[in-house]
Asker: 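Below is one structure. I have some questions about it.
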There are 2 protein chains.
Amino acid sequence: MSNNARFAEIAALAGDPGRASMLNGLMDGRALTATELARLAGITAQTASSHLTKMTEAGLLLVEKQGRHRYHRLASPAVAQMIESIMRIAAPEAVVRQLRTGPRDMALRAGRTCYDHLAGHLGVSITDALIDAGHIELGLDAGEVTDSGLALFDRAGVDIKAAAAKRGRILCRPCLDWSERRPHLAGAIGAALCAHCFNHGWIRRIEGTRAVSVTPNGHRHLRETFGVRYS
Amino acid sequence: MSNNARFAEIAALAGDPGRASMLNGLMDGRALTATELARLAGITAQTASSHLTKMTEAGLLLVEKQGRHRYHRLASPAVAQMIESIMRIAAPEAVVRQLRTGPRDMALRAGRTCYDHLAGHLGVSITDALIDAGHIELGLDAGEVTDSGLALFDRAGVDIKAAAAKRGRILCRPCLDWSERRPHLAGAIGAALCAHCFNHGWIRRIEGTRAVSVTPNGHRHLRETFGVRYS
DNA sequence: TTGATACTTCGACCAATTCCGAAGCATTCT
DNA sequence: AGAATGCTTCGGAATTGGTCGAAGTATCAA
């Protein structure tokens with residue numbers, strides 16, 4: 001198969017409404033069963049099975065058998081980045097027609113996980129607060145954690161040692177938010193921060209979606225520790 | 001239209017072999033006429049016209065009328081990044097079946113432009129040389145130009161001032177190469193370096209493709225100035 | 001063993017989409 | 001003006017591909 005045909009094949013897989021729903025449902029990095037994904041996409045189990053087989057064979061998904069369940073998840077962070085990059089192109093229109101967005105969409109805009117880090121209004125707010133306080137610097141191409149940021153993360157107990165392994169300098173990745181149209185903190189640092197928030201009960205996943213809500217406790221800590229003015 | 005439907009629509013547009021050919025043909029950032037794109041995709045002008053209309057309406061392409069020609073180009077760097085991210089998922093299979101790759105594919109693997117910067121064996125070789133000499137540092141998430149790199153680019157006449165505007169530090173973006181499976185230099189610095197190579201006749205575009213070849217003059221300068229061992 | 005759940009395979013139907021020939025419009029060349 | 005080029009629109013044929021009912025396999029629970 002030619003290179004171009006492979007390209008079209010991959011894009012076409014993401015180009016079906018049902019499969020698109022499933023892929024987006026897997027964007028939080030969790031592994032879901034075929035039935036869960038079918039319900040999520042609003043299709044029957046047979047149809048979902050067919051879709052999942054195709055996506056798995058094409059290398060978009062990995063499947064793990066566990067008893068009578070089959071857990072599906074994105075095959076790699078690269079797949080998540082592909083989905084995010086498509087979302088970024090697809091979003092502008094949605095922003096213009098914001099009137100039509102339902103409550104579920106609103107929750108996603110307020111806060112969500114983007115595979116392994118935080119996005120939406122929440123993600124951008126945290127990022128803004130870190131920038132304003134001089135804890136990180138973020139350009140279009142890349143970003144960096146400053147010495148004060150390093151101290152802050154250390155004090156707060158966010159484990160960014162793994163990301164620091166390379167050299168002295170801690171670099172991080174900006175990710176353009178499709179709902180806010182502004183960059184938020186991604187990469188290893190973003191992932192560590194997101195994990196920290198979940199582990200300490202600062203944020204909680206809203207049942208069945210990848211939207212997250214901030215707990216009262218989280219509100220307080222985010223404000224006190226990171227200076228987030230989360231409106 | 002729901003957010004998910006928009007997502008599927010965009011992905012489906014990229015998921016047709018003809019349209020995929022066109023998008024890849026536009027990946028060098030140039031603007032091509034409808035007829036050129038039709039020939040490139042191996043379809044008739046009518047069919048191409050229909051495809052181009054759809055992609056333009058969806059915001060993937062911009063069209064500029066000039067006399068009786070209509071020049072089409074990618075609507076934004078974000079679109080180029082989307083295409084690149086899909087390519088990254090689509091590539092592994094091609095690597096395995098490398099036996100089947102024709103001469104055109106080989107040229108692309110040797111060196112090509114990735115929208116505005118250099119990729120392929122050429123792009124990776126330059127990046128490796130810069131890293132080895134300590135001119136840049138590149139992590140998975142982000143990279144940075146060192147002081148010695150700053151001096152080198154200045155001495156060589158590569159204009160990276162624009163990218164330096166923000167703050168003192170020069171950050172750069174790594175881009176995972178789909179053919180080499182290793183990162184190469186992208187972002188503003190990568191674009192500036194690529195432009196420099198074209199402007200000085202170090203590299204030349206291979207007619208009708210986005211593959212590039214290194215001129216004898218370019219070979220010498222890349223070796224002497226940047227220490228590239230381009231095999 | 002019996003029944004229930006999770007998932008897949010098969011087959012047929014239906015809708016969407018691609019495709020090109022023919023014709024039409026706009027611009028440029030002679 | 002007349003002819004040629006670049007591109008678009010129209011209409012109908014052919015194919016692809018999603019969908020679900022029905023039936024089949026595998027696992028688990030009593």
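Reminder, nothing fancy here: chain letters follow the sequence lines and each chain counts from 1.
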Asker: Can you tell me how far C1' of C/dT5 sits from CZ of A/Arg70, to the nearest Å?
Answerer: 15 Å
Asker: Within the pair B/His51 and C/dC19, is there a side-chain N or O less than 4.0 Å away from OP1 or OP2?
Answerer: yes
Asker: How many whole angstroms separate atom CD of A/Glu64 from atom P of C/dC7?
Answerer: 14 Å
Asker: Measuring from the side chain of B/Ser49 (C-beta onward, heavy atoms only), which nucleotide among C/dT9, D/dT19, D/dT9 has the closest atom?
Answerer: D/dT9
Asker: So B/Ala45, base contact, sugar-phosphate only, or nothing? Heavy-atom distance under 4.0 Å.
Answerer: base
Asker: Verify the neighbour count for atom CZ of A/Arg220: are there more than 12 heavy atoms of other residues, nucleotides or ligands below 6.0 Å?
Answerer: yes
Asker: B/His69 has an atom NE2; how far is it from atom P of D/dA4, in whole Å?
Answerer: 17 Å
Asker: Could you state the CG-P distance from A/Leu52 to C/dT9, rounded to the nearest angstrom?
Answerer: 11 Å
Asker: B/Tyr71 OH to D/dG6 P: how many Å, rounded?
Answerer: 10 Å
Asker: Could you check whether B/Ser50 gets within reach of a base, just the sugar-phosphate, or nothing at all, counting any heavy atom under 4.0 Å?
Answerer: nothing
Asker: Do A/Thr44 and A/Thr47 get their side chains close enough for a donor-acceptor pair, meaning under 3.5 Å?
Answerer: yes
Asker: Does B/Lys54 place a side-chain N or O at less than 4.0 Å from the phosphate oxygens OP1/OP2 of C/dT18?
Answerer: yes
Asker: Which heavy atom in A/Arg181 sits nearest to a heavy atom in A/Arg88, and how many Å separate them?
Answerer: NH1-O, 3.6 Å
Asker: Taking for each residue the nucleotide of DNA chain D with the nearest heavy atom, is it A/Arg68 or A/Pro17 whose nucleotide lies nearer the 5' end?
Answerer: A/Pro17
Asker: Taking A/Pro17's backbone N and O only, do any of them form a donor-acceptor pair with A/Ser21's side chain (distance below 3.5 Å, no angle check)?
Answerer: yes
Asker: If I take atom CE in residue B/Met55 and atom P in nucleotide D/dT8, what distance separates them, rounded to the nearest angstrom?
Answerer: 12 Å
Asker: Without decimals, in angstroms, what is the distance between B/His72 NE2 and D/dT8 C1'?
Answerer: 11 Å
Asker: Going by the rule salt bridge (Lys or Arg N to Asp or Glu O under 4.0 Å), which residues pair with A/Arg30 if we only count those two or more places apart in sequence or in a different chain?
Answerer: A/Asp28
Asker: Please enumerate all protein N or O atoms sitting under 3.5 Å from an N or O of nucleotides 20-25 of chain C, with distances to 0.1 Å.
Answerer:
from, atom 1, to, atom 2, distance (Å)
C/dC20, OP2, B/Thr44, OG1, 3.2
C/dC20, OP2, B/Thr47, OG1, 2.9
C/dG21, N7, B/Gln46, NE2, 2.5

Asker: Nearest whole Å is fine: how far is D/dG18 C1' from A/Met22 CE?
Answerer: 11 Å
Asker: Could you tell me whether the phosphate oxygens of D/dG6, OP1 or OP2, come under 4.0 Å of any side-chain nitrogen or oxygen in B/Lys65?
Answerer: no
Asker: Is the B/His219-B/Trp202 ring centre distance short of 6.0 angstrom?
Answerer: no
Asker: Determine, for B/Trp178 and A/Arg6, whether the Lys NZ or Arg CZ falls below 6.0 Å from the six-membered ring centre while staying within 45 degrees of the axis.
Answerer: no
